[in-house]
There are 2 protein chains.
Amino acid sequence: MAATVKDVAKHAGVSTATVSRVINDDPRISEGTREKVLKSIEELDYKINSIARSLKTNKTYTIGFICPELANNFFMSVAKGVEDEIRKQGYSVIVCNSNESIEEEKERFRLLTEKCVDGMIVIPASNEGSHFNLFKESRIPVVLVDRLVEGFQADAVLVDNINGCYSAVEYLINKGHRRIGFIGGDMRLTSARERYEGYTRALADYCIPIEDCIIKFGDFHAQSGYEMMKQLMHGENPPEYVFISNYFMHIGATKYLMEKNSQLNHKVSIASFDDMELTSILGFCDVIVDQPISEIGYKAAELLMERMNGTDSIFPQIVRFKTNLKIK
Amino acid sequence: MAATVKDVAKHAGVSTATVSRVINDDPRISEGTREKVLKSIEELDYKINSIARSLKTNKTYTIGFICPELANNFFMSVAKGVEDEIRKQGYSVIVCNSNESIEEEKERFRLLTEKCVDGMIVIPASNEGSHFNLFKESRIPVVLVDRLVEGFQADAVLVDNINGCYSAVEYLINKGHRRIGFIGGDMRLTSARERYEGYTRALADYCIPIEDCIIKFGDFHAQSGYEMMKQLMHGENPPEYVFISNYFMHIGATKYLMEKNSQLNHKVSIASFDDMELTSILGFCDVIVDQPISEIGYKAAELLMERMNGTDSIFPQIVRFKTNLKIK
DNA sequence: AAGATTTATGCACTCGATTACATTTATATA
DNA sequence: TATATAAATGTAATCGAGTGCATAAATCTT
């Protein structure tokens, strides 16, 4: 049905090689034939078949993006940054959902390999990454985002979680607070670990004892934020401030506090990660560690482009963005 | 580098045709050769090259998803539903951002055509759709989601916006409210128009006069929700209830009310569309029109699959999901 | 004007897999 | 046992575009 180079060639009275050269802006084509061919392309409404082209050139101009969840603002903001950057170079993005499962992550990886993507950007489901060997073997460039994977060396774009969290806790300490609780994420994720590290380090530096009873660990989801805040508030001596390790748990925690606010005879405030659209209306929070989410996506795309263009150093590049402390 | 059918064929001592048949589960292959081939595939770590396959079969097992924005929970929840459903059949999804621009929408469409996607799911940027002729010509199956396009007949998955909005307004009327304001979306979108229609229809059916001064139109973004609520509250006689046409404007409006709450000598409540994770903590809202977002994605995928498999009727199918009124 | 260069174009193979058709081998039938 | 039939495999063309090499045409040299 659709016109091919052959049709165009016949129509223009030239060979397919010439048509191909016109399409690819080969300079050694005379102005006359170029126009003739372009006219035929126009008239036949010829559109290139990138499948055929890819087969020959071994380039698909497609990258894969694997993340643990699609309906997640953080991940999708990264994806947006990636898409934005990468399409400028004519690439497009196949988006895959690993569902926070290592198995599915592996499975998506296989799929993308079969589809011959030129590169991948992965937000790992876990730091457990034995299956990441597959990446190495495949020789497909990979850039990790937000989290690292044990035993797998690759380019990565992260934020300085430790100092981000540290600065928030330090700020609270300087404001005179001593009893600062913590709600952490899944400790199998580097980001969760680093944030916890920032918390403990700040306390240690200011000689404040670490009280396990005001430290809880959730899983970065709203429901667990709700639960953990509940547990904290039901403790013997609840903290006056709670640092919450991500946006979604922050939402859950706020939900709990809103529901139970009148019944609680204890005032609590929140410091948290991520300044999303909604953060400003989450009423208990006045200290925010903001990370440059779009930039993360841009940078990941940029690193990947470098690898795909072969201008790579042997050494993996780890880019860490600084966070920004916002006080309401 | 990577092994091809040829390599496998040589290694197993058979022809490439036989290898291909094994890969594609052709039943008329003897158990013996099948095992031999599978063993070679294993040993050579052969992976199929779907580019080559697609060229021959004219199927890419890839669909396109074009939406006006990536970092948008509603769109991405639809995308999630789509991905979920479609990957069961071995498809994957190229996600494109039209940036709410008709031009970019067109441009993405061209890209996806070149990439030979088997179908597309589109959340249109506008009801203006002269460029949708391209779809017709291309003969690539398309399913529209959430919004229709003028003059373009295609399968679509929508919700019953009119009755959804109607039921909420009716509920408020039955509770004794008479002065119900309205914040609408961009009227170039069918969804915005239908919701407004539901509002006016309910008022008319209950013989309540429509007061233009308590009706504002934004653009479905948070910022405009903020602005419009501000305008309403600064009006001479602000309404007691406001129906807000979508989640993001709801957020913006709430933000305004939270900031100015103490200074307003007028109490206002909100009814709104969409029950997202955060809706429950948006403090002014107690009436919600909930739409089955994931289902929308599933259904769109399903319709598209039907078209792609050619089991299509000539007539476009329009599926409209009922909404569900939730009272807090 | 004949040969050397440069420029423009075409021929034909290739990428990796699928498949119609041909051929071989095994099995059933008379 | 010869023949018909079914099952298993191979041969070779094909999908649509790109490209090394060959060739033709145009331009330059001397």
Side-chain angles (χ1 to χ4, degrees), chain A residues 1-41 44-62 90 111 113-118 138 140, chain B residues 1-41 44-62 90 111 113-118 138 140:
Chain A
M1 196 77 211
T4 73
V5 271
K6 261 189 204 160
D7 303 320
V8 175
K10 195 183 295 172
H11 187 272
V14 297
S15 72
T16 61
T18 301
V19 175
S20 175
R21 286 182 189 122
V22 170
I23 294 169
N24 293 292
D25 285 321
D26 192 314
R28 54 185 181 163
I29 289 285
S30 71
E31 207 38 54
T33 43
R34 158 164 288 122
E35 274 168 22
K36 214 166 43 176
V37 171
L38 288 177
K39 191 154 157 268
S40 296
I41 286 179
L44 299 181
D45 190 28
Y46 167 80
K47 291 198 196 67
I48 202 166
N49 179 326
S50 13
I51 297 297
R53 170 183 276 181
S54 294
L55 179 59
K56 192 68 189 152
T57 60
N58 218 14
K59 272 281 271 173
T60 54
Y61 283 94
T62 304
L111 181 82
T113 308
E114 284 181 0
K115 295 231 168 170
C116 304
V117 295
D118 297 335
S138 76
I140 298 177
Chain B
M1 199 74 213
T4 72
V5 272
K6 262 190 203 157
D7 303 320
V8 174
K10 195 184 296 173
H11 187 273
V14 298
S15 72
T16 61
T18 301
V19 174
S20 175
R21 288 183 187 121
V22 170
I23 294 169
N24 293 292
D25 286 321
D26 191 315
R28 54 186 181 164
I29 289 284
S30 71
E31 207 38 52
T33 43
R34 160 164 286 123
E35 274 167 22
K36 213 166 44 179
V37 170
L38 289 176
K39 191 153 157 269
S40 296
I41 286 179
L44 298 180
D45 191 29
Y46 167 80
K47 291 198 195 67
I48 202 167
N49 179 325
S50 14
I51 298 295
R53 168 183 277 180
S54 294
L55 180 59
K56 192 64 192 165
T57 60
N58 219 11
K59 270 282 270 174
T60 54
Y61 283 94
T62 304
L111 180 83
T113 309
E114 284 182 1
K115 296 231 168 171
C116 304
V117 294
D118 297 334
S138 76
I140 298 177

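Every chain is numbered from 1, with letters handed out A, B, ... down the list of sequences.
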(request) Could you check whether Ser20(A) gets within reach of a base, just the sugar-phosphate, or nothing at all, counting any heavy atom under 4.0 Å? (result) base
(message) Please compare Thr18(B) and Leu55(B) by the position of their nearest nucleotide in DNA chain D and report the one closer to 5'.
(response) Thr18(B)
(request) Starting from P on dT7(C), measure out to CZ on Arg34(A) and report it in whole angstrom. (result) 15 Å
(message) Whole angstroms only, please: what is the CD-C1' distance between Glu114(A) and dG16(C)?
(response) 13 Å
(request) Could you please spell out the steps behind the side-chain contact (heavy atoms from CB on, under 4.5 Å) verdict for Ile23(A) and Arg53(A)? (result) CA-CA 11 Å; Ile23(A) 294 169; Arg53(A) 170 183 276 181; 3.6 Å; yes
(message) Looking at Asn58(B), I want to see if its CG is surrounded by more than 12 non-hydrogen atoms of other residues, nucleotides or ligands under 6.0 Å.
(response) no
(message) Between P on dG16(C) and OH on Tyr46(B), what's the gap in Å once rounded to a whole number?
(response) 10 Å
(request) Figure out the OH/P separation between Tyr61(B) and dA17(C), and round it to whole Å. (result) 16 Å
(message) If I take atom CG from residue Leu38(B) and atom OG1 from residue Thr33(B), how far apart are they, to the nearest 0.5 angstrom?
(response) 9.5 Å
(message) Could you report the tightest heavy-atom contact between Ile51(A) and Thr60(B), atom names first, then the distance?
(response) CD1-CG2, 3.7 Å
(message) Taking only side-chain N and O atoms of Asn24(B), does any of them lie within less than 4.0 angstrom of OP1 or OP2 on dT18(C)?
(response) yes
(message) Looking at Asp26(B), I'd like to know if its CG atom is crowded, meaning that more than 12 non-hydrogen atoms belonging to other residues, nucleotides or ligands lie closer than 6.0 Å.
(response) yes
(message) Rounded to whole Å, how long is the line connecting atom CG of Asp25(A) with atom C1' of dA8(C)?
(response) 16 Å
(message) How many whole angstroms separate atom CG of Asp26(A) from atom C1' of dG10(C)?
(response) 13 Å
(request) Quickly work out the Lys6(A) NZ to dA12(C) P distance and round it to whole Å. (result) 14 Å
(request) Verify the distance criterion only: is there a donor paired with an acceptor across the side chains of Lys115(A) and Thr62(B) at less than 3.5 Å? (result) yes
(request) Measure from CD1 on Ile29(A) to P on dA8(C) and round the result to the nearest Å. (result) 8 Å
Distances for protein N/O vs nucleotides 20-26 of chain C N/O pairs under 3.5 angstrom?
residue, atom, partner, partner atom, Å
dA20(C), N6, Arg21(B), NH2, 3.3

(message) Both Thr57(A) and Ala52(B) contact DNA chain D. Taking the nearest nucleotide for each, which residue is further toward the 5' end?
(response) Ala52(B)
(message) Under 4.0 Å from a heavy atom of chain B: give me the 5'-most and 3'-most nucleotides of DNA chain D that qualify.
(response) dA8(D) to dG16(D)
(message) How about NZ on Lys59(A), more than 12 heavy atoms from neighbouring residues, nucleotides or ligands closer than 6.0 Å, or not?
(response) yes
(message) Using a 4.0 Å heavy-atom cut-off, does Val14(B) contact any base of the nucleic acid, only the sugar-phosphate backbone, or nothing at all?
(response) sugar-phosphate
(request) Would you check if the side chain of Ser50(B) reaches a backbone N or O of Glu114(A) as a donor-acceptor pair within less than 3.5 Å? (result) yes
(request) Calculate, to the nearest 0.5 Å, the distance between atoms CD1 and NZ belonging to Ile41(B) and Lys36(B) respectively. (result) 13.0 Å
(request) Indicate, with a heavy-atom threshold strictly under 4.0 Å, whether Thr33(B) touches base, sugar-phosphate, or nothing. (result) sugar-phosphate
